[in-house]
Undergrad: 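Once you've had a glance at the structure underneath, I'll fire off some questions.
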Protein chains: 2
Amino acid sequence: MLTPAPTRSRDATATRSAILASAREAFARSGYDGAGVREIAGGAGVTAMMVNRYFGSKEALYAEVLDQIFGGPRILTEALIHAPDAARILAEAVVDMTAAGAPQLDGFVIPLRSASNPRALEIARDRIEANHQADVAGALTGPGARERAGLILAVVAGLQSMRQTVEISSLVDADRDELIRQLAGIFSGLIAG
Amino acid sequence: MLTPAPTRSRDATATRSAILASAREAFARSGYDGAGVREIAGGAGVTAMMVNRYFGSKEALYAEVLDQIFGGPRILTEALIHAPDAARILAEAVVDMTAAGAPQLDGFVIPLRSASNPRALEIARDRIEANHQADVAGALTGPGARERAGLILAVVAGLQSMRQTVEISSLVDADRDELIRQLAGIFSGLIAG
DNA sequence: CCCGTTTGTCTACAATTGTAGAATAAGAAT
DNA sequence: ATTCTTATTCTACAATTGTAGACAAACGGG
């Protein structure tokens, strides 16, 4: 019972997490409606039926992907605790994570790309409210902290949308430092109140 | 040949624009993938085939919807020309147009809700770049006007996403004046440079 | 060595999708 | 009134979707 995993080709937990990882990529790339179960399963090297075997349904898989993402490190709030110049640190983080390359901020990409599906939207809303929104609001002080937290999320989401999804040129090939400078100004105002 | 339209039930141009209007609503509600041709046609009181007859394909219809929207009044730039306090006027306009009720800013809602489809995304990108982006950048002066214009679009898009699509509570039931105040601060910095 | 459980695939189905072609009906022209 | 044009619908098809059930194969314990 304690065989330490001797290169077995039939590993349930490995398959499960392979599907989860593939789904995360696929959802980030194409959104809920755009990613097919066969495509997701193919990316994990298995058949489409495995999705239903391990997760019950595509919708449940989507929910678990979001749970995994929001269970991970809180990227926004981590930047907010760096006391004096939290605005600049946050700006740098956001600009780099919304750059052309790999999207690490898929907690936003996935919900935004899935906005054509009401059910997917609902699932994402719950997670965002319970995690990002609550965390950011908790890191702020003063009056209107909740509104300001929401605005920070909105700015991040908008930047993400415009840089990685719509890909408007002025933001895609913008100067990194200039972008950081402008964003730091925005965040500074929202953090201070 | 000059019958002035005596309540005829078979009017080509009327049907065409009925489909266009229904498509605009449907796309704003469900995005490109979420809105079916039968649903769109039904909203116009006709059969699904009329879509292909009048527009060739669903994709072409989508493009024409966006053309109609971006051919209309430039809402953002109109606010930007009000010289001294353009920031506040813009903030008010944006907050009101992203309120819970009717979405008048569908030039953003539709592309954002259609982000699961690569082709729809591409079509929207062209329009946004050629219209909004160019207009806003033209209304700004000083260095980095292009980046700042892009950021204004990003902020508007993010607010729209979070208030009308994801519907996070902190922004949905936020105090209007407080929201305007914060946004005016953001826009002020972006307009001035 | 063999049996039972787990892990996986195969075939298939019902629904929905966008779209095509033929058939119909309504209006205008003669 | 009859023909011609044009707007509209009907039927249908091929593809894709998520999902279900039966079957096959690999593993582990006896």
Side-chain angles (χ1 to χ4, degrees), chain A residues 1-23 26-27 29-65 113-114 116-120 123, chain B residues 1-23 26-27 29-65 113-114 116-120 123:
Chain A
M1 120 202 318
L2 42 96
T3 24
T7 65
R8 46 184 171 180
S9 64
R10 285 164 44 104
D11 188 337
T13 61
T15 307
R16 210 191 122 94
S17 48
I19 295 177
L20 207 55
S22 171
F27 284 142
R29 198 186 324 123
S30 317
Y32 184 84
D33 284 341
V37 204
R38 288 165 178 79
E39 173 192 353
I40 294 175
V46 290
T47 328
M49 288 315 305
M50 297 282 83
V51 167
N52 282 300
R53 189 173 233 324
Y54 282 104
F55 299 92
S57 69
K58 181 187 179 183
E59 188 177 304
L61 169 62
Y62 180 76
E64 191 152 333
V65 166
R113 274 216 147 100
S114 306
S116 56
N117 190 295
R119 193 71 192 93
I123 293 175
Chain B
M1 130 207 302
L2 42 96
T3 24
T7 64
R8 48 182 170 179
S9 65
R10 286 164 44 103
D11 187 337
T13 61
T15 307
R16 210 190 121 95
S17 47
I19 294 177
L20 207 55
S22 170
F27 284 141
R29 199 184 325 121
S30 319
Y32 183 84
D33 284 341
V37 209
R38 287 165 177 81
E39 174 193 351
I40 294 175
V46 290
T47 327
M49 288 316 305
M50 297 282 84
V51 167
N52 282 300
R53 185 165 196 55
Y54 282 106
F55 299 92
S57 68
K58 181 186 177 181
E59 187 177 306
L61 169 63
Y62 181 75
E64 190 150 335
V65 166
R113 275 218 147 99
S114 306
S116 56
N117 191 295
R119 193 74 192 91
I123 294 175

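Below, all heavy atoms of this structure are taken into account, side chains as well, without hydrogens, waters or symmetry copies. Naming: A, B, ... by sequence-line order, numbering from 1 per chain. Note that the structure is a prediction, hence the values are computed from the model and not measured.
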Undergrad: Of the listed nucleotides (dT19(C), dA26(D), dT8(D)), which one gets closest to any side-chain atom of Lys58(B)?
TA: dT19(C)
Undergrad: How would you label the contact of Ala14(A) with the nucleic acid (heavy atoms, under 4.0 Å): base, sugar-phosphate, or nothing?
TA: nothing
Undergrad: Side chains of Asp33(B) and Ser116(A) only: does a donor on one sit below 3.5 Å from an acceptor on the other?
TA: no
Undergrad: Send over the distance from Glu59(B) CD to dT17(C) P, rounded to a whole Å.
TA: 18 Å
Undergrad: Once you round it to whole Å, what is the distance between P of dT17(C) and CG of Asp33(A)?
TA: 11 Å
Undergrad: Just by modelled atom types, is the Asp11(B) backbone N or O under 3.5 Å from a matching donor or acceptor in the Thr15(B) side chain?
TA: yes
Undergrad: Would one find a side-chain N or O of Tyr54(B) under 4.0 angstrom from OP1 or OP2 of dT8(D)?
TA: yes
Undergrad: Okay, side chain of Ser30(A), backbone of Phe27(A): is any donor-acceptor separation there less than 3.5 Å?
TA: no
Undergrad: Using atom CD1 of Ile40(B) as one end and atom C1' of dT16(C) as the other, report the distance to the nearest whole Å.
TA: 15 Å
Undergrad: Quick check: on DNA chain D, is the nucleotide nearest Ala12(B) upstream (toward 5') of the one nearest Ser57(A), or the reverse? Name the residue that is more 5'.
TA: Ala12(B)
Undergrad: In whole angstrom, give the distance that lies between atom CZ of Arg10(A) and atom C1' of dG28(D).
TA: 11 Å
Undergrad: Represent DNA chain C in dot-bracket notation, 5' to 3'. Only Watson-Crick or G-U wobble pairs with both distances under 3.5 Å count; pseudoknot-style crossings use [ ] and interstrand partners use |.
TA: |||||||||||||.||.|||||||||||||
Undergrad: Output yes when at least one side-chain N/O atom of Thr15(A) is less than 4.0 Å from OP1 or OP2 of dG8(C), else no.
TA: yes
Undergrad: Measure all distances between protein nitrogen or oxygen atoms and nitrogen or oxygen atoms of nucleotides 9-11 of chain C, and list the pairs falling under 3.5 Å.
TA:
{"from": "dT9(C)", "atom 1": "OP1", "to": "Thr47(A)", "atom 2": "OG1", "distance (Å)": "3.4"}
{"from": "dT9(C)", "atom 1": "OP2", "to": "Thr47(A)", "atom 2": "N", "distance (Å)": "2.9"}
{"from": "dT9(C)", "atom 1": "OP2", "to": "Thr47(A)", "atom 2": "OG1", "distance (Å)": "2.4"}
{"from": "dT9(C)", "atom 1": "O5'", "to": "Thr47(A)", "atom 2": "OG1", "distance (Å)": "2.8"}

Undergrad: From C-beta outward on Val37(A), which listed nucleotide comes closest to its side chain: dG18(D), dG18(C), dT8(D)?
TA: dG18(D)
Undergrad: Measure from CD1 on Ile19(B) to P on dT8(D) and round the result to the nearest Å.
TA: 8 Å
Undergrad: Within the modelled atom types, does a donor on one side and an acceptor on the other bring the side chain of Arg38(A) and the base of dT16(D) under 3.5 Å apart?
TA: no
Undergrad: What pairs of donor and acceptor atoms, side-chain ones from residues 34-56 of chain B against any protein atom, are under 3.5 angstrom apart with sequence neighbours left out?
TA:
{"from": "Glu39(B)", "atom 1": "OE1", "to": "Gly36(B)", "atom 2": "N", "distance (Å)": "3.4"}
{"from": "Glu39(B)", "atom 1": "OE2", "to": "Arg29(B)", "atom 2": "NH1", "distance (Å)": "2.9"}

Undergrad: Given atom CG of Asn117(A) and atom P of dT17(C), what is their separation to the nearest angstrom?
TA: 12 Å
Undergrad: Could you tell me how far apart Glu39(A) (CD) and dT19(D) (C1') are, to the nearest whole angstrom?
TA: 18 Å
Undergrad: Locate the shortest heavy-atom distance separating Lys58(A) from Tyr32(A); write the atom from each residue and the value.
TA: NZ-O, 2.8 Å
